[in-house]
Amino acid sequence: MKAFEAVQYYFDQAAERLELEPAMRDMLLMANREVTVQVTIERDNGEPAAFVGYRVQHNNSRGPMKGGLRYHHEVNLDEVRSLASLMTWKTAVVNLPYGGAKGGIEVDPRTLSMREKEALTRAFVDKIQDIVGPDSDIPAPDMGTDYRVMSWFRNQWEKYHGFNPAVITGKPVEEYGAKGREEATGRGVGILTVKLIGRLGRKASDTRVAIQGFGNVGSHAAKFLHEAQFPIIAVSDVTGTYYNSEGLNIPDLLRHTMDHPHGQLDGYAHCEKLRAGALLELEDTDVLIPAAIGGVITAENVDRITAPIIIEGSNGPIFPLADKQLSDRGVTILPDILANAGGVTVSYFEWVQNRQHYRWSLDRVRRELELTLVEAFEKVWEISQQQKVSLRTAAFMIAIKRVRRATELSGGPS
Ligand code: NAP
């Protein structure tokens, strides 16, 4: 199954409950604009190299479009289209005044030197600078990109349009970035995990967590949940699964990755090491948090997933057939459009600060992040209970209703 088909399936589940008119369904599913560009650079050895870049702008009925920029060797148009659509539903479910977009370049960023990565980013901006901007489409970090990439992006865009740091979020704090943006997605995953297990009547110290992916989202989620007294029994990256049934020493693991040239877990010795895929199938996990790539839980491996609670830290980790089986088994799934919305929420705070030329304290960012996410969670939980639907369908129902209303009021995306 393709990634966009999966989003469409989840959308349709909610659209049916809402009895959405067929014309509105088509309008809300289709992207406003899809752009594919060739991005060329000179490699350090003097050879030319060409890459494919994408920007998909899904919907702007509720405000400027917002969505990350991914550098990964598996980036393709279908994936970017699915992620752009998810952004529309994500910003709507947490009620931010935004639409949804996504972009990416098909490249393994580890094969690039720092100079090549900067050149690639600037060349990509040259190709898309006229379709992004603080009032139209505001990119942010995602897999394989970070505050440095955001800084190059802003600098290159400003060469065409003049000073306006609100063109992109996730910037370095010293250069108009928001305090707390880097940790925001993982912290949001943590806040919502605490909220959900409270609703399910569980205690943190008796709830064993396994996290797939130890990048931006996975590592910050691990830190937050470790501090909240959850035993983190396993974490993984492409180098393997690192497991301790008593709970890993997360501060020690974080120190280890900081010293590693690629920020990986490779070489960490104070626990058992298993193959990377083993994390999903550990039998003593209570809360499984996929926080790496999409499509990791499918019809092929769903029978081996035994965790009773799944928090979708990554985008699109569960394909529909697997989702159905898990739901039939009574597994509680907190969907990506809510679970990982902490990043876009603090991106919104960054954009607001940039536009007001004002700075918020870290305390204020964290407080407002929690307020926004908890309010969204309560609404999703309430609709799920009232309508007897999954948390995913409830989240999509809320989001679709908001985008439909904006579309009806304004006459559709512009
Ligand atoms: P990241 O910093 O690039 O980290 C990705 C992590 O996933 C790395 O630890 C990577 O390991 C690991 N990984 C990749 N393939 C794997 C595999 N097959 N098995 C196990 N681990 C694997 O990316 P990120 O920003 O944390 O994003 C992770 C997910 O969260 C993505 O789906 C992204 O769309 C979503 N998300 C991110 C944000 C954000 O603010 N960053 C916001 C919302 C949603 P290696 O380092 O060994 O490659």
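Whatever order the structure lists them in is the order used to number ligands and atoms, beginning at 1. Just so we're clear, the structure is a prediction, and the values are computed from it rather than from any experiment. Hydrogens, waters and symmetry mates play no part in the numbers below; they use all other heavy atoms, side chains included.
The structure places CZ of Arg366 at 10.5 Å from CD of Glu370, a figure rounded to the nearest 0.5 Å. Atom NE2 of His73 is separated from atom CZ of Arg110 by 9.5 Å, given to the nearest 0.5 angstrom.
Backbone and side-chain nitrogen or oxygen atoms of Ala276 are examined, and none is located within less than 3.5 angstrom of a nitrogen or oxygen of ligand 1. The shortest N or O to N or O distance between Ser314 and ligand 1 is not under 3.5 Å. Checking only distances, Gly218 never comes within under 3.5 Å of ligand 1, N or O to N or O. Any N or O atom pair closer than 3.5 Å counts here, and Thr239 shares no such pair with ligand 1. Between Asn216 and ligand 1, at least one N/O pair is under 3.5 Å apart.
Of the heavy atoms in Ala291, only backbone atoms (N, CA, C, O) come closer than 4.0 Å to ligand 1. With a 4.0 Å cut-off on non-hydrogen atoms, Thr185 touches ligand 1 through its side chain and not its backbone. Contacts with ligand 1 closer than 4.0 Å are made by side-chain heavy atoms of Gln264 only, the backbone lying farther away.
At least one heavy atom of Arg181 sits under 4.0 Å from some atom of ligand 1. The shortest heavy-atom distance from Arg70 to ligand 1 is under 4.0 Å.
Partners of His256 under the ring pair (Phe, Tyr, Trp, His ring centres under 6.0 Å) rule, at least two apart in sequence or in another chain, are Tyr268.
Comparing His262, Arg110, His220, His260 by heavy-atom distance to atom 46 (O) of ligand 1, the nearest is Arg110. With atom 12 (C) of ligand 1 as the reference point, the heavy atom nearest to it among Ala292, Ala140, Ala341, Gly294 is part of Ala292. When Asp108, Leu86, Val217 are ranked by how near their heavy atoms come to atom 30 (O) of ligand 1, first place goes to Val217.
Looking only at atom types and distance, the side chain of Thr393 has a donor-acceptor partner in the side chain of Ser390 under 3.5 Å away. For the 3.5 Å distance criterion, the side chains of Asn216 and Asp146 fail to qualify, holding no donor opposite an acceptor. Side-chain contact of Asp284 with Tyr243: a donor-acceptor pair under 3.5 Å is present, judged by distance alone.
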Original post:
What do the steps show when you test Val346 against Val365 for side chain to side chain contact (heavy atoms under 4.5 Å, CB included), and what is the final call?
Top reply: CA-CA 7 Å; Val346 176; Val365 169; 3.8 Å; yes
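With hydrogens left out, the protein atom closest to atom 8 (C) of ligand 1 is Gly215 N, 3.8 Å, a heavy atom. The nearest protein atom to atom 27 (O) of ligand 1, hydrogens excluded, is given as Met143 CG, 3.4 Å; this is a heavy-atom distance. Annotation: atom 36 (N) of ligand 1 to nearest protein heavy atom, Asp142 OD1, 3.7 Å. Protein heavy atom closest to atom 18 (N) of ligand 1, with residue, atom name and distance, is Ile293 CD1, 3.8 Å. Annotation: atom 9 (O) of ligand 1 to nearest protein heavy atom, Phe214 N, 3.0 Å. At the top of the distance list for atom 16 (C) of ligand 1, counting protein heavy atoms only, stands Val238 CG1, 3.5 Å. With respect to atom 10 (C) of ligand 1, the closest heavy atom belonging to the protein is Asp237 CB, 4.2 Å. When hydrogens are left out, the protein atom nearest atom 19 (N) of ligand 1 is Gln212 NE2, 3.8 Å; that is the closest non-hydrogen contact.
Crowding of Tyr176 atom OH: a count of heavy atoms from other residues, nucleotides or ligands under 6.0 Å not exceeding 12.
In this structure, Lys66 does not pair ionically with Asp137, as no charged nitrogen and carboxylate oxygen lie closer than 4.0 Å. With salt bridges taken as basic N to acidic carboxylate O contacts below 4.0 Å, none links Lys223 and Glu183. The pair Lys90-Asp336 does not count as a salt bridge, with every side-chain nitrogen at least 4.0 angstrom from each carboxylate oxygen.
Looking at heavy atoms from C-beta onward, Tyr242 lies in side-chain contact with Asp266 at the 4.5 angstrom threshold.
The ligand atoms of ligand 1 that sit less than 4.0 angstrom from a heavy atom of Asn315 are 32 (O), 33 (C), 34 (O), 35 (C), 36 (N), 44 (C). Under a 4.0 Å criterion applied to the non-hydrogen atoms of Gly144, ligand 1 contributes the atoms 3 (O).
For the side chain to side chain contact (heavy atoms under 4.5 Å, CB included) criterion with Ile250, the lone passing option out of Leu225, Ile232, Ile211 is Ile232.
For the pair Asn244 and Cys271, the tightest heavy-atom approach, listed with the atom from each and the gap, is CB-CB, 4.4 Å.
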